[in-house]
Peer 1: 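For reference, the structure I am asking about is given below.
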Amino acid sequence: MKSSPPDRATWRLPEHDVLCLGPRRHDHALVIPVINEGTRIQRQLQEIKAANLPVDVVIADGGSSDGSVDPDFLAQVGVRCRLTKTGPGRLSAQLRMAYAWCLDEGYLGLVTMDGNGKDNVEAVSQFVARLEEGYGYVQGSRYQPGGVAENTPLDRTLGNRCVHAPILSLAAGRWFTDTTNGFRGYSRDYLADPRLAAFREVFSNYELLFYLTVRAHRLGYRVCELPVRRSYPVGEATPTKIGGLSGKLALLSQTLAAAMGQYNPPRGE
């Protein structure tokens, strides 16, 4: 049964186009943000179709121009909807766009994974199972027992384990081991919680990912980590949208801002 959409009068979303390719079939959605991911996202979507996962697939496109998410291909692999951001913003704007659409459609929870082929798609079913058990936030971790970190660049490992995870864990009041990992699950209640106020224009780059990590436990939601596999390719460029020193410093700045509560809504909202 489709749930009533939450009160969205205060939500701010980027301009976007919606292309629906099929009806809703499941209670949970798999949101995949992409922009010019080429054959990586196409292989990933083929794997998702073959795995027969208990989710409807929603593509959150940042404006791809490489033909990788053209409608004919998406229909072949069973994607339910492609949302294409036409307004400003980067990853967090794409996520706001897709999460709002999924809540309006009545999904009970969402799983998010990157569209660059680094994650093991079969784990999506485990995320759904945790959400059905009542967790509000499920963080995928390559460092949990049973998880696998394949060919992870050393700077990524050190930055995650020694800087990013400790900072956000301290702010969250709960230990996390892999806070840069975009493979996550969120309950409908958590994303729609007015105390979270997730649909604000301040979330444009990577801020929303870090903010959602910090706030879940603090707002009283059950949280957990789930072991996953994250594999970087050998002999080719690292698939990432974070480039150079300036990109890493911007990421650190957004991490610190989330940890210090700078994205928290004003009291009374």
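Index from 1, following the sequence. Remember, predicted model here, so these are calculated numbers, not experimental data. In what follows, every heavy atom counts, from backbone to side chain, and hydrogens, waters and symmetry copies are set aside.
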Peer 1: Is there a donor-acceptor contact under 3.5 Å linking the side chains of Ser68 and Arg40?
Peer 2: no
Peer 1: Between Leu91 and Leu209, is there a side-chain heavy-atom distance shorter than 4.5 Å?
Peer 2: yes
Peer 1: Taking NZ, NE, NH1 and NH2 as the nitrogens, is one of them in Asp114 or Arg230 under 4.0 Å from a carboxylate oxygen of the other?
Peer 2: yes
Peer 1: For this output row, return yes or no: ring centroids of Tyr186 and Tyr137 closer than 6.0 angstrom.
Peer 2: yes
Peer 1: So which heavy atom on Tyr135 is nearest to which on Ser187, and how close?
Peer 2: O-CB, 3.7 Å
Peer 1: What are the two closest non-hydrogen atoms of Pro33 and Leu95, and how far apart are they?
Peer 2: CG-CD2, 4.1 Å
Peer 1: Aromatic ring centroids of Tyr263 and Phe203 under 6.0 Å?
Peer 2: yes
Peer 1: To the closest 0.5 Å, what do you measure between CZ (Phe183) and NZ (Lys118)?
Peer 2: 12.5 Å
Peer 1: Report the distance from atom CG of Leu103 to atom CG of Leu108, rounding to the nearest 0.5 Å.
Peer 2: 10.5 Å
Peer 1: Side chains of Gln144 and Glu225: do they bring a donor and an acceptor to under 3.5 Å?
Peer 2: yes
Peer 1: So, Asp189 versus Tyr221: side-chain donor-acceptor pair below 3.5 Å or not?
Peer 2: no
Peer 1: Considering non-hydrogen atoms only, spot the tightest contact between Arg215 and Arg195 and give its length.
Peer 2: NH2-O, 2.8 Å
Peer 1: Using atom types as modelled and distance alone, determine if a side-chain donor or acceptor of Asn205 lies under 3.5 Å from a backbone N or O of Gly89.
Peer 2: no
Peer 1: For a side chain to side chain contact (heavy atoms under 4.5 Å, CB included) with Val138, tell me which candidate from Val223, Val111, Leu131 qualifies.
Peer 2: Leu131
Peer 1: Can you confirm whether Ile32 sits close enough to Val34 that some side-chain heavy atom of one is under 4.5 Å from a side-chain heavy atom of the other?
Peer 2: yes
Peer 1: As an exercise, state the distance from SG of Cys102 to CE of Met97, rounded to the nearest 0.5 Å.
Peer 2: 10.0 Å
Peer 1: Between Gln44 and Gly117, is there a donor-acceptor pair closer than 3.5 Å when you use the side chain of the first and the backbone of the second?
Peer 2: yes
Peer 1: Rounded at 0.5 Å granularity, tell me how far CG in Leu219 sits from OH in Tyr190.
Peer 2: 6.0 Å
Peer 1: Would Tyr99 and Phe199 count as a close aromatic pair, with their ring centres under 6.0 Å?
Peer 2: no
Peer 1: Side-chain donor-acceptor pairs under 3.5 Å in residues 54-62, sequence neighbours left out?
Peer 2:
residue	atom	partner	partner atom	Å
Asp56	OD1	Arg25	N	3.4
Asp56	OD1	His26	ND1	2.9
Asp56	OD2	Arg25	N	2.9
Asp56	OD2	His26	N	3.3
Asp56	OD2	Tyr107	OH	2.7
Asp61	OD1	Gly63	N	3.2
Asp61	OD1	Ser64	N	3.0
Asp61	OD1	Ser64	OG	2.6
Asp61	OD2	Ser64	N	3.2

Peer 1: Which heavy atom of Cys81 sits nearest to which heavy atom of Val18, and what is that distance?
Peer 2: SG-CG1, 3.7 Å
Peer 1: Could you report the tightest heavy-atom contact between Thr157 and Thr152, atom names first, then the distance?
Peer 2: OG1-CG2, 3.4 Å
Peer 1: Kindly say whether the aromatic ring centers of His164 and Phe210 come within a distance under 6.0 Å.
Peer 2: yes
Peer 1: Kindly write out the residues that satisfy salt bridge (Lys or Arg N to Asp or Glu O under 4.0 Å) with Glu122, not counting sequence neighbours, or none if the list is empty.
Peer 2: Arg229
Peer 1: Check whether the side chains of Thr180 and Asn160 place a donor and an acceptor atom closer than 3.5 Å, and report yes or no.
Peer 2: yes
Peer 1: Test side chain to side chain contact (heavy atoms under 4.5 Å, CB included) on Tyr232 and Arg156 and set out the steps.
Peer 2: CA-CA 11 Å; Tyr232 284 77; Arg156 298 297 178 91; 3.4 Å; yes
Peer 1: Less than 4.5 Å apart, any side-chain heavy atom of Arg130 and any of Cys224?
Peer 2: yes
Peer 1: Quick check: closest heavy atoms across Ser141 and Thr177, and the distance to 0.1 Å?
Peer 2: OG-OG1, 2.6 Å
Peer 1: Can Leu168 and Trp175 be said to form a side chain to side chain contact (heavy atoms under 4.5 Å, CB included), step by step?
Peer 2: CA-CA 8 Å; Leu168 291 191; Trp175 182 250; over 6 Å; no
Peer 1: Applying side chain to side chain contact (heavy atoms under 4.5 Å, CB included) between Pro14 and each of Glu201, Arg90, Arg96, Gln94, report the one that passes.
Peer 2: Arg96
Peer 1: Evaluate the side-chain hydrogen bond (donor to acceptor under 3.5 Å, both in side chains) criterion for residues Arg184 and Thr213: first the C-alpha distance (whole Å), next the side-chain angles of each, then the deciding distance (0.1 Å), finally the verdict.
Peer 2: CA-CA 10 Å; Arg184 297 145 171 250; Thr213 299; 3.2 Å; yes
Peer 1: Quick check for you: to the nearest 0.5 Å, what is the distance between Leu196 atom CG and Leu191 atom CG?
Peer 2: 7.0 Å
Peer 1: Just how far is it from atom CZ of Arg142 to atom CG of Asp119, taken to the nearest 0.5 Å?
Peer 2: 8.5 Å
